[in-house]
Amino acid sequence: MTDPSGTLQVQHRASLRSHNTFGLPAVARTLVRITSDADVRRVVDHPEWGRTKPFVLGGGSNLVLTRDLDAVVLKVEVRGRRLVAETEDAWIVEAGAGENWHDTVAWTLAQGWPGLENLALIPGTVGAAPVQNIGAYGVELKDRFHSLDAVDLVTGRSVTLDAAACRFGYRDSVFKQEGFGGLAGKSVITRVRFRLPKPWQPVLGYLDLERKRAETGIAHPDAQTVADWVCAIRRAKLPDPAVIGNAGSFFKNPVVSAEQCKDIIGRDPEIVHYPMADGSCKLAAGWLIDACGWKGKSVGRAGVYEKQALVLVNRGGASGAEVVTLARAIQESVYGRFGIRLEPEPIIV
Ligand code: EPU
């Protein structure tokens with residue numbers, strides 16, 4: 001179906017089950033496919049839709065839907081990938097927000113532009129990557145970020161944001177922030193540009209990658225080999241959302257003060273922790289949840305993945321409410337035992 005102006009692709013009472021990697025049931029009042037900045041402006045200018053707050057949907061890989069959305073849902077499908085510039089010290093590459101993340105990583109590697117290999121196989125789209133500053137195996141999106149284009153949902157104006165304007169943090173950015181200057185729900189990312197530094201240097205410090213190096217005897221892997229290792233590591237411990245619904249890590253790894261960390265280690269010497277540059281300490285949330293005995297457990301049709309306690313899964317037909325009930329029970333038991341509050345990573349709607 002198209003809108004009155006005949007240019008937008010519109011679906012009413014659209015099921016969102018296939019649009020979120022958890023496979024949770026929810027219905028959108030109206031689903032509009034966005035293929036360009038101009039499409040966003042058509043929504044902003046629409047006599048009826050322009051008055052309500054739209055909901056922006058990327059690949060739905062970091063989302064827990066607990067209810068139907070009585071809103072205009074914008075499904076971002078902006079396509080296209082290109083090399084913007086090559087300088088002496090970097091390749092600048094651009095991709096449309098609707099492009100699949102992993103396919104984009106694979107494409108850059110095939111073109112001979114390395115730098116995103118540690119981020120291979122992360123589910124979702126290019127446009128969702130900056131929202132939560134995706135990260136894995138020692139690299140975060142912000143380390144390879146150049147700039148992005150977004151359209152303001154109030155004015156319909158296109159803007160370009162650099163890294164400082166995106167306010168990247170650990171699994172965080174201005175696009176998740178509600179408060180002063182926050183852009184949560186206020187703009188649609190349409191294109192992202194990456195800065196891939198030259199000469200390429202592999203990031204192999206992460207323990208799992210060190211292990212691969214030792215196992216294979218390859219001391220100096222190329223970028224494609226690193227990507228293959230990352231894919232193998234991820235496949236071994238993370239469920240494929242195409243097979244088992246999930247949203248990746250369900251909680252952030254909590255950061256505690258040096259004193260708190262010392263205290264916790266005193267009580268639980270086994271606890272997996274990573275010292276941070278500022279003296280604080282990041283704790284492995286998966287370890288905390290595992291230590292509370294949650295691995296493999298279920299509440300209704302929502303469960304804790306057998307191979308990685310940080311990942312909650314849809315055992316088939318789960319509702320968002322069941323996922324949230326399970327998450328709360330986990331938070332309570334981790335708080336009860338360790339005095340630490342776990343913060344969910346996905347956006348809960
Ligand atoms: N652990 C357990 N039991 C578990 C799970 C983990 O003891 O059930 C221990 C592991 O043995 C390991 C430690 O906890 O020593 C950390 O686990 P892992 O290396 O799997 O990494 P993580 O902290 O669980 C983080 C990111 C992942 C990212 C990996 C690799 C967060 C919230 N998660 O997971 O990101 O892929 O590191 O860099 O920061 C995501 O954000 O969705 C995600 C998958």
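When a ligand or atom number is given, it counts from 1 through the structure's own listing order.
- Annotation: cation-pi geometry not satisfied between R144 and F194 (NZ/CZ under 6.0 angstrom from ring centroid, within 45° of ring axis).
- Close approach of ligand 1 to N253 (heavy-atom distance below 4.0 Å) involves ligand atoms 23 (O), 31 (C), 32 (C), 39 (O).
- D290 OD2, 2.8 Å is the protein heavy atom nearest to atom 3 (N) of ligand 1.
- A cation-pi arrangement is present between K282 and Y170 under the rule of less than 6.0 angstrom and at most 45 degrees off the ring axis.
- In the vicinity of G248, heavy-atom distances shorter than 4.0 Å reach the ligand 1 atoms 42 (O).
- Distances between N or O atoms of Y274 and those of ligand 1 include no value under 3.5 Å.
- When hydrogens are left out, the protein atom nearest atom 11 (O) of ligand 1 is V272 CG2, 4.9 Å; that is the closest non-hydrogen contact.
- Considering backbone and side-chain N/O atoms, Q308 comes within less than 3.5 Å of an N/O atom of ligand 1.
- For N20 (side chain) and L16 (main-chain N/O), a donor-acceptor pair under 3.5 Å exists by modelled atom type.
- Looking at ligand 1, you won't find any N or O of D208 less than 3.5 Å from one of its N or O atoms.
- Of the protein's heavy atoms, A309 N, 2.8 Å lies nearest to atom 8 (O) of ligand 1.
- Ion pairing of K75 with D39 is absent here, as no side-chain N (NZ or NE/NH1/NH2) approaches a carboxylate O to less than 4.0 Å.
- Remark: minimum distance from atom 7 (O) of ligand 1 to any protein heavy atom is reached at W287 CD1, 3.3 Å.
- Across all non-hydrogen atoms, the minimal contact from K212 to A232 is NZ-CB, 4.0 Å.
- In terms of protein heavy-atom proximity, atom 18 (P) of ligand 1 is closest to K237 NZ, 3.7 Å.
- Heavy-atom distances between R171 and ligand 1 reach below 4.0 Å in at least one pair.
- If you number the atoms of ligand 1 from 1 as listed, the ones under 4.0 Å from a heavy atom of F251 come out as 32 (C).
- Salt-bridge annotation for E306 and K295: absent, with no side-chain N of the basic residue lying under 4.0 Å from a carboxylate O of the acidic one.
- Of all the heavy atoms in L109 and A227, the pair that sits closest is CD1-CB, 3.6 Å.
- Each of L312, N62, L310 was compared with S249 under the side-chain contact (heavy atoms from CB on, under 4.5 Å) criterion, and only L310 meets it.
- Near A284, meaning under 4.0 Å from any of its heavy atoms, are these atoms of ligand 1: 13 (C), 14 (O), 16 (C).
- Here's the thing with K252: none of its N/O atoms is less than 3.5 angstrom from an N/O atom of ligand 1.
- Among protein heavy atoms, atom 33 (N) of ligand 1 sits closest to S249 OG, 3.0 Å.
- Ligand 1 has at least one atom lying under 4.0 Å from a heavy atom of R234.
- Note: W107 and W113 meet the aromatic proximity criterion, with ring centroids under 6.0 Å apart.
- Within 6.0 Å of CZ on R315 lie more than 12 heavy atoms contributed by other residues, nucleotides or ligands.
- Partner I189 forms a side-chain contact (heavy atoms from CB on, under 4.5 Å) with one of D149, L148, V78 and no other, that one being L148.
- Protein heavy atom at the shortest distance from atom 29 (C) of ligand 1 is Y206 OH, 3.9 Å.
- Taking a 4.0 Å cut-off on heavy atoms, W294 fails to register as neighbouring ligand 1.
- For the pair R213 (side chain) and A219 (backbone), a donor-acceptor distance under 3.5 Å is present.
- Heavy-atom distances between Y305 and ligand 1 stay at or above 4.0 Å for every pair.
- For atom 39 (O) of ligand 1, the closest non-hydrogen atom of the protein is Y170 OH, 2.7 Å.
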